[in-house]
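Hydrogens, waters and symmetry mates play no part in the numbers below; they use all other heavy atoms, side chains included. The residues of the chain are indexed from 1 along the displayed sequence.
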Amino acid sequence: MTDRALPSLHVLGSRQFGGADQFYVRLLNALHDAGQPVLAVNRPDSPVARALAGRDIEQVHLALANRWDFWSAWRMRRLLSERAPCVVQTYMGRATRLTRVPKGVPAVHVARLGGFYKIDGYYRHAHAWVGNTRAICDYMIGQGLPAERVFHIGNFVPEPRRFDDAGRAALRAGLAVPADAWLLFGLGRLIEKKGFQDLLAALADLPREIAGRPWVMLIGGDGEDAERLRLQCRRLGLDDRVRWLGWQDPPDPWYDLADVVVVPSRHEPLGNVILEAWNYRKPVVSSASDGARELIQPDRNGIMVPCADPLGLADGLQRALQMDDAGRRELGEAGWRELNAKHGQAAIVGAYLDLYERLMREHLGGG
């Protein structure tokens, strides 16, 4: 990893706080902690702006409203001309579409994709592209982006927080669950592609006790399908076994408390929830989304089931809870080893800095 200062400007136009938004915050914090000059460009009063507010990281707020936001596009060009960073890195389509490096500005534009997004009209004008999975990189190349300018760099998660037994007991007591209950945990936006409708259907197929213990499902998140999912839960007779936690920021205490983490997504390019669960050495039961297939080695570091298959998901959950303690613990430990080998903070930050330096040398002629 280079020890050279590589000033970078990072642009994100979202008002959400999903996986890409959280990674934006994590990467800026990590680059800053590594002594690299960073400038954050985002929307005013957005979750990422608030998350960065307590750090010594300069922020510039732009409307970044839509493709016709000529004012933000002009402000961005002016900002790049004034600051002349080595790299401008954009996250997702809105920010990338509105960011154009002016002629004469010695900056390379890196567009980071965390999904299979539409390329034309959004991304093609960048100088280089980063996909956080190999499948996304293959997709970009298939869309005609030059393979020599497409790079695979994964995500990382922060160091796990430490919780004591008293804190866990207090958190559990607030759930009003049986003292011996298994705690299953799922996290994500409550929208169709996250598969919570399949999870509820799977829960309805589970016996009330597994390995002699009752179970309770904890669901963290919010979204446009929240009310529909709650109605489905009621219709399936699950109200006494499901706890709706709402949006959790941070969700760390729930990972720490869980016995098993469930990831039921129908579509998931990477799967930050899997990485976050492994960060706490928790066993994972996941649907076989694109991201999960890159991360999970079935029955070695997780249990994988077909997407949109409630019966298969129910079977996977039963398998996890019927294992002995050593078997569940080994699933979580194997996931933790995979996380640290391939998704550690130092490795990912180093990969970005090496990429920045390479692009400066090749594209800009930097020494």
Indicate yes or no for a side-chain donor-acceptor contact from [X] to the backbone of [Y] under 3.5 Å, with no hydrogens or angles considered.
| X | Y | answer |
| --- | --- | --- |
| Asp225 | Arg228 | no |
| His152 | Asp138 | no |
| Asp69 | Leu64 | yes |
| Asn301 | Gln297 | yes |
| Tyr123 | Gly93 | yes |
| Ser287 | Pro306 | no |
| Glu294 | Thr133 | no |
| Lys282 | Ala258 | yes |

I'd like to know if [X] and [Y] make a salt bridge, using a cut-off of under 4.0 Å between side-chain N and carboxylate O.
| X | Y | answer |
| --- | --- | --- |
| Lys194 | Glu268 | yes |
| Arg208 | Asp240 | yes |
| Glu362 | Arg149 | yes |
| Asp354 | Arg358 | no |
| Arg213 | Glu209 | no |
| Arg266 | Asp198 | yes |
| Arg168 | Asp256 | yes |
| Arg230 | Asp239 | no |
| Glu333 | Arg329 | no |
| Glu357 | Arg361 | no |
| Arg281 | Glu330 | no |

Taking side chain as C-beta onward, heavy atoms only, is Cys233 less than 4.5 Å from Phe196?
no
Does some side-chain heavy atom of Trp244 sit less than 4.5 Å from a side-chain heavy atom of Leu229?
yes
Side-chain heavy atoms nearer than 4.5 Å, only ILVMFWY residues, links allowed to pass through others: does that put [X] and [Y] together?
| X | Y | result |
| --- | --- | --- |
| Ile303 | Met217 | yes |
| Leu187 | Ile296 | yes |
| Phe185 | Leu199 | no |
| Met140 | Leu359 | yes |

Applied to residues 14-26, the salt bridge (charged side-chain N to carboxylate O under 4.0 Å, His left out) test, sequence neighbours excluded, yields Arg26-Glu276
Using the side-chain contact (heavy atoms from CB on, under 4.5 Å) rule, take Val38 and Leu9 through it: C-alpha gap first, then chi angles, then the decisive distance, then the call.
CA-CA 6 Å; Val38 294; Leu9 185 153; over 6 Å; no
What residues, two or more places apart in sequence or in another chain, satisfy ring pair (Phe, Tyr, Trp, His ring centres under 6.0 Å) together with Tyr139?
Phe116
So which atom in Met92 and which in Ala20 form the shortest heavy-atom distance, rounded to 0.1 Å?
SD-CB, 3.8 Å
Could you check whether the rings of Trp74 and Trp71 sit parallel, tilted or perpendicular, using 30° and 60° as the cut-offs?
parallel
Once you measure the plane-to-plane angle for Phe156 and Phe23, does it fall in the parallel (<30°), tilted (30-60°) or perpendicular (>60°) bin?
perpendicular
[X] and [Y]: side chain donor to acceptor below 3.5 Å:
| X | Y | result |
| --- | --- | --- |
| Trp254 | Gln248 | yes |
| Ser8 | His10 | yes |
| Gln89 | Tyr356 | yes |

Pair Leu238, Leu200 - check side-chain contact (heavy atoms from CB on, under 4.5 Å), show working.
CA-CA 8 Å; Leu238 294 170; Leu200 292 174; 4.3 Å; yes
Can you confirm whether more than 12 heavy atoms, excluding those of Arg78, are under 6.0 Å from its CZ atom?
no
Should we count CD of Glu148 as having more than 12 external heavy atoms under 6.0 Å?
yes
Listed by chain and number, what are the salt bridge (charged side-chain N to carboxylate O under 4.0 Å, His left out) partners of Arg83, not counting sequence neighbours?
Glu58
By salt bridge (charged side-chain N to carboxylate O under 4.0 Å, His left out) - contacts of Asp249 (at least two apart):
none
Side chains of residues 42-54: which donor-acceptor pairs under 3.5 Å do they make with residues two or more places apart or in other chains?
| from | atom 1 | to | atom 2 | distance (Å) |
| --- | --- | --- | --- | --- |
| Asn42 | OD1 | His61 | ND1 | 2.9 |
| Asn42 | ND2 | Tyr24 | OH | 3.4 |
| Asn42 | ND2 | Gln59 | OE1 | 3.1 |
| Arg43 | NE | Ala63 | O | 2.9 |
| Arg43 | NH1 | Gly13 | O | 3.2 |
| Asp45 | OD1 | Arg50 | NH1 | 3.3 |
| Ser46 | OG | Arg43 | O | 2.7 |
| Ser46 | OG | Ala49 | N | 3.3 |
| Arg50 | NH1 | Asp45 | O | 2.6 |

Would you be so kind as to tabulate the donor-acceptor pairs closer than 3.5 Å made by side chains of residues 103-112, with sequence neighbours excluded?
| from | atom 1 | to | atom 2 | distance (Å) |
| --- | --- | --- | --- | --- |
| His109 | NE2 | Thr90 | OG1 | 2.9 |
| Arg112 | NH2 | Asn155 | OD1 | 2.9 |

Test side-chain contact (heavy atoms from CB on, under 4.5 Å) on Leu295 and Leu270 and set out the steps.
CA-CA 8 Å; Leu295 295 172; Leu270 175 61; 4.3 Å; yes
Quick one, Arg189 with Asp222, criterion side-chain contact (heavy atoms from CB on, under 4.5 Å). Give me CA distance, side-chain angles, the key distance, then yes/no.
CA-CA 5 Å; Arg189 285 182 292 157; Asp222 203 352; over 6 Å; no
